[in-house]
There are 2 protein chains.
Amino acid sequence: MKKATIKDIAKAAGVSIATVSYILNDVKTQSISDETRVKVLKIAQQLHYVTNRSARSLKLQKTGLIGILLFKDLEPKPWSDLNYVKTLYRIEQLCGERGYHVIFMQIDGEAPSYDMIRERNLDGVFLINVDQERFATISRYFGFGIPVFAVDSHIEDTLFHKIIPDFENGFRSANARLGETPEFLVMDAYNDAELVGIVKRRSGLDEARIHVYESKEGLNAFLSKIPAGSPGIVVNEFLANEVLRTHEHIAVLCTSHYPDIVPAKVAKITYELNEYKQVVDMMDRNIHDADYSNPDKFIYLSVSS
Amino acid sequence: MKKATIKDIAKAAGVSIATVSYILNDVKTQSISDETRVKVLKIAQQLHYVTNRSARSLKLQKTGLIGILLFKDLEPKPWSDLNYVKTLYRIEQLCGERGYHVIFMQIDGEAPSYDMIRERNLDGVFLINVDQERFATISRYFGFGIPVFAVDSHIEDTLFHKIIPDFENGFRSANARLGETPEFLVMDAYNDAELVGIVKRRSGLDEARIHVYESKEGLNAFLSKIPAGSPGIVVNEFLANEVLRTHEHIAVLCTSHYPDIVPAKVAKITYELNEYKQVVDMMDRNIHDADYSNPDKFIYLSVSS
DNA sequence: TTGTATGCGTTATCAA
DNA sequence: TTGATAACGCATACAA
């Protein structure tokens, strides 16, 4: 049993292909008699018609496809997957609500091929965890006006949009929750040196008081030099439990969106995933109006209240 | 700057469209002079030509698209995401190596729309965590000969392939590692009642000695009735740490592929993700030879040695 | 209010 | 060894 096409519907209804297309797409500039409209719609349903996206894409030069490219960590941390998957879920859901379908692809190894992006004619792209170097390579593959968003990455580039947690307000809230000025900061290494620098600067703490996580041993060595009871801040909830063994007076910035793993009594700053709604809307507009350009190149995930 | 097409190459090279297509696709039945071949290939590269998959799909009636549909849990557990994402990564990678692209979609809510499957003409589909009921609905959407694989689900259906951990050998290894007969079993509730039943039966333990996890409180109530020191088995590494507080003599079946979260001293049974290679190969063959049919409807992830 | 005809970029059949 | 050309299924400008 082959799939029904517009032609099949037209034949069954005794009308032309064009008429069927008008009705199915609800084209406003055409006026169709109610009689033929209901007839065609009914037959379409009977034949289980669905539109063939390959054909439609070819015709419209729009595929309705969004790429989510995940750049794998060089040395993966157990928790990074959780962060990424949460982002993936959120974006997929929002794209789905707007009628887009999502192509998911991991970027791995030294010389990955980005052909997919051009072969599939993606309407928009999200890059998760991209670092500066690979970004330079990949950015040559589009820039033909398709909207690109970098998530959890900091890119020195004025052309593309970036989405990162609002560290500035995050630290402000953390300080407020601590009640006193923090004396140390423990943070994740991320994938990208730029992003680490940003977090460091936003924290307002001296370099000497900041520890970038590499290993449990390194972290413990750092903590052993901090007097017990000193107030501190931890960026990334997955590092919090380790710190809590020795230092209880901390506030945690839950940048991985899994606050539940931190004990309830600890001060937690969580982030909204709601900003992605704006982001996907922005992308949507960008796709429809080729000349739409938005000056907000930075989108910050806001601190939950 | 518009994207170059075969036509552009043909014009630039002074040959016909057909010739270019033959060369690019390396069609064996055609013989092409070396001269034109290198000329065309060179121009194609200069123009940064990539094939337009919409057009190719339309013509070939094959899209090179594999769907991975993730059925969200009704009450999600924090660890289930980790399991799913691991599977997603693995399948995407294997599909990518074989030239397929992956469409990822979450299935959620009461009345999800499965139109994507038919609109995009997927070449193959993986269902993750599907339950019996939704499977019945979705199975009507294909069955037009496209290969379907159910992962981490147990479906009463002889038409489709299922992939689940090899519980039988898992329990056998666990028993061996314990050194004595286990006296209790703690396991995850999964999404699907069928799968729970399977695990229970394979364990060989009485119903009264089996606890299906619902909440921490329930688990602790169950454990409080088990004498300390009794040997037991835990299915799913994410439950292990909770059990370990009171019962140390356990063996853990790491069905979520994150064995690292369990302390090193504990007996762990891990599963291979290698079987997915066979699975994707099977799918690949299925796609190319429409009449290929494989009798092995069950694929078990094997226990690591 | 409806129909005809063209083209989107490919692949593949047949002819040259 | 190459080239015209007909589909694939759809959307739409233009005719009727």
At under 4.0 Å between heavy atoms, what does V15(A) touch on the DNA or RNA strands: base, sugar-phosphate, or nothing? sugar-phosphate
Do the side chains of V40(B) and I9(B) get nearer than 4.5 Å, heavy atoms only? yes
Distance test, side-chain N/O of S21(B) to OP1/OP2 of dT11(C), below 4.0 Å: yes
Using atom names, set out every protein N or O paired with an N or O of nucleotides 4-8 of chain C below 3.5 Å, distance rounded to 0.1 Å.
residue : atom : partner : partner atom : Å
dG7(C)  : N2   : K59(A)  : NZ           : 2.9
dG7(C)  : N3   : K59(A)  : NZ           : 3.2
dC8(C)  : O3'  : Q61(A)  : NE2          : 3.3

Between C1' of dA12(C) and NZ of K62(B), the distance in whole Å: 15 Å
Cationic tip of K72(A) above Y89(B) ring, under 6.0 Å, 45° of axis: yes
Students often mix this up, so state it plainly: with edges at 30° and 60°, are the rings of H288(A) and Y100(A) parallel, tilted or perpendicular? tilted
Tell me which residues in residues 34-45 of chain A put a heavy atom below 4.0 Å from DNA chain C, sorted by number, or none. T36(A)
Which residues share a ring pair (Phe, Tyr, Trp, His ring centres under 6.0 Å) with F149(A), sequence neighbours left out: F126(A), H161(A)
Any S54(B) side-chain N or O less than 4.0 Å from OP1/OP2 of dG9(C): no
Looking only at side-chain N and O atoms, does T36(B) offer a donor or acceptor that is under 3.5 Å from a partner on S33(B)? yes
Can you find an N or O donor on one side and an acceptor on the other, under 3.5 Å apart, linking the side chain of Q30(A) with the base of dT1(C)? no
Can you list the steps and then say if D8(B) with T5(B) is a side chain to side chain donor-acceptor pair (under 3.5 Å)? CA-CA 5 Å; D8(B) 298 323; T5(B) 68; 3.3 Å; yes
F160(B) ring center within less than 6.0 Å of F135(B) ring center: yes
E119(A) CD - dG9(C) P separation (whole Å): 15 Å
Kindly write out the residues that satisfy salt bridge (charged side-chain N to carboxylate O under 4.0 Å, His left out) with E119(B), not counting sequence neighbours, or none if the list is empty. R53(A)
Nucleotide interval of DNA chain D bounded by contacts with chain B (heavy-atom cut-off, under 4.0 Å): dT1(D) to dG9(D)
So what does S33(B) touch, heavy atoms closer than 4.0 Å: a base, only the sugar-phosphate, or nothing? sugar-phosphate
Do T19(A) and S16(A) meet the criterion of a side-chain donor-acceptor pair at a distance under 3.5 Å? yes
Do I103(A) and L65(B) make a side-chain contact, defined as non-hydrogen atoms from C-beta onward lying under 4.5 Å apart? yes
All side chain to side chain donor-acceptor pair (under 3.5 Å) counterparts of Y271(B), not counting sequence neighbours: none
